[in-house]
Each structure stands twice: as structure tokens, then as C-alpha cells.
**Student:** 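One structure follows; several queries about it will come next.
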Amino acid sequence: MSKSIEGAIECPFYLEEGKGFIKCEGVLNGTVCTHSFSDNAKKSEFEASVCSVFGGKRCAHHRAVAILYDKGLRA
């Protein structure tokens, strides 16, 4: 993890970030989901207030992927 925000990310489904986007483990098996933001400031705020607290559990995408693990549909 080379970027400082990546050291703060708590979400287990987070993969990487770039200018205006965050990539996470996808809901469909073997996929990646890209969340695009209208600007980098909004993305940074989301990372700080959602991805980096409570293990990312405030995120709707986290909840969707976590259900797959909870039901044993993903290992």
C-alpha cells in the first residue's frame, strides 16, 4: 500500500483507489466493482468516513458482499 489513505482503509473488500474511483471486490464471483465519484474530494471523503471506519460496514456494497461470505457462497 503506497498511498497514505490505503493504510487507513479497514474494509476487507477494498482493492485500490485512483483519481475519482475506488475498486472493491465485486458482488459477482471473480469480478471487481469500480465506484466512480464526481470528483476526488468526494471520493476522499467517502474513504475517510466509510472505508476507513467500522471495517467499512457503513457501505451498502460492503453489506452486499459480506452477505455472500456469511451465507457461505464465497470463501
Side-chain angles (χ1 to χ4, degrees):
M1 291 188 213
S2 60
K3 299 176 188 171
S4 62
I5 189 63
E6 290 183 335
I9 300 295
E10 295 181 7
C11 182
F13 310 122
Y14 172 90
L15 297 174
E16 68 177 305
E17 62 96 28
K19 187 172 180 172
F21 72 87
I22 301 170
K23 289 188 179 183
C24 305
E25 179 178 336
V27 173
L28 299 176
N29 198 23
T31 64
V32 172
C33 181
T34 301
H35 303 278
S36 299
F37 295 82
S38 58
D39 60 55
N40 213 42
K42 286 184 173 68
K43 182 210 51 141
S44 294
E45 172 59 28
F46 188 84
E47 287 175 322
S49 65
V50 179
C51 305
S52 300
V53 293
F54 303 119
K57 293 179 182 175
R58 289 182 175 167
C59 179
H61 186 77
H62 176 287
R63 290 189 296 273
V65 176
I67 287 170
L68 297 172
Y69 284 95
D70 290 344
K71 292 186 176 198
L73 301 172
R74 184 85 52 92

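What you are looking at is a predicted structure, and each value in this text was computed from that prediction instead of being measured. Any value given below was found using the heavy atoms of this structure, including those in side chains, with hydrogens, waters and symmetry copies removed.
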**Student:** Rounded to the nearest 0.5 Å, what's the gap from CZ on F13 to SG on C33? Could you check?
**Tutor:** 12.5 Å

**Student:** How long is the gap from CD1 on I5 to CD1 on I22, to the nearest 0.5 Å?
**Tutor:** 8.5 Å

**Student:** Which value, rounded to the nearest 0.5 Å, describes the distance between C51 atom SG and R58 atom CZ?
**Tutor:** 11.5 Å

**Student:** Which pair of non-hydrogen atoms, one from F46 and one from C59, has the smallest distance, and what is that distance?
**Tutor:** CZ-SG, 4.0 Å

**Student:** Identify, with sequence neighbours excluded, every residue that meets side-chain contact (heavy atoms from CB on, under 4.5 Å) alongside E16.
**Tutor:** E6, K23

**Student:** I'd like to know if L73 and I67 are part of one continuous hydrophobic network [Ile/Leu/Val/Met/Phe/Trp/Tyr, side-chain heavy atoms within less than 4.5 Å].
**Tutor:** no

**Student:** If the condition is side-chain contact (heavy atoms from CB on, under 4.5 Å), which residues does V27 pass it with, not counting sequence neighbours?
**Tutor:** H61, A64, V65, L68

**Student:** With sequence neighbours excluded, what pairs up with D39 under the side-chain contact (heavy atoms from CB on, under 4.5 Å) test?
**Tutor:** A41, K42

**Student:** Distance from C24 atom SG to E17 atom CD, nearest 0.5 Å?
**Tutor:** 11.0 Å

**Student:** What distance separates S52 OG from I9 CD1, expressed to the nearest 0.5 Å?
**Tutor:** 3.5 Å

**Student:** Specify the closest pair of heavy atoms between G56 and C11, including all atoms of both residues, with the distance to one decimal.
**Tutor:** CA-CB, 4.0 Å

**Student:** I need the H62 NE2 to F54 CZ distance, nearest 0.5 Å.
**Tutor:** 12.5 Å

**Student:** Could you check if a side-chain atom of E47 sits within less than 4.5 angstrom of a side-chain atom of F37, using non-hydrogen atoms only?
**Tutor:** no

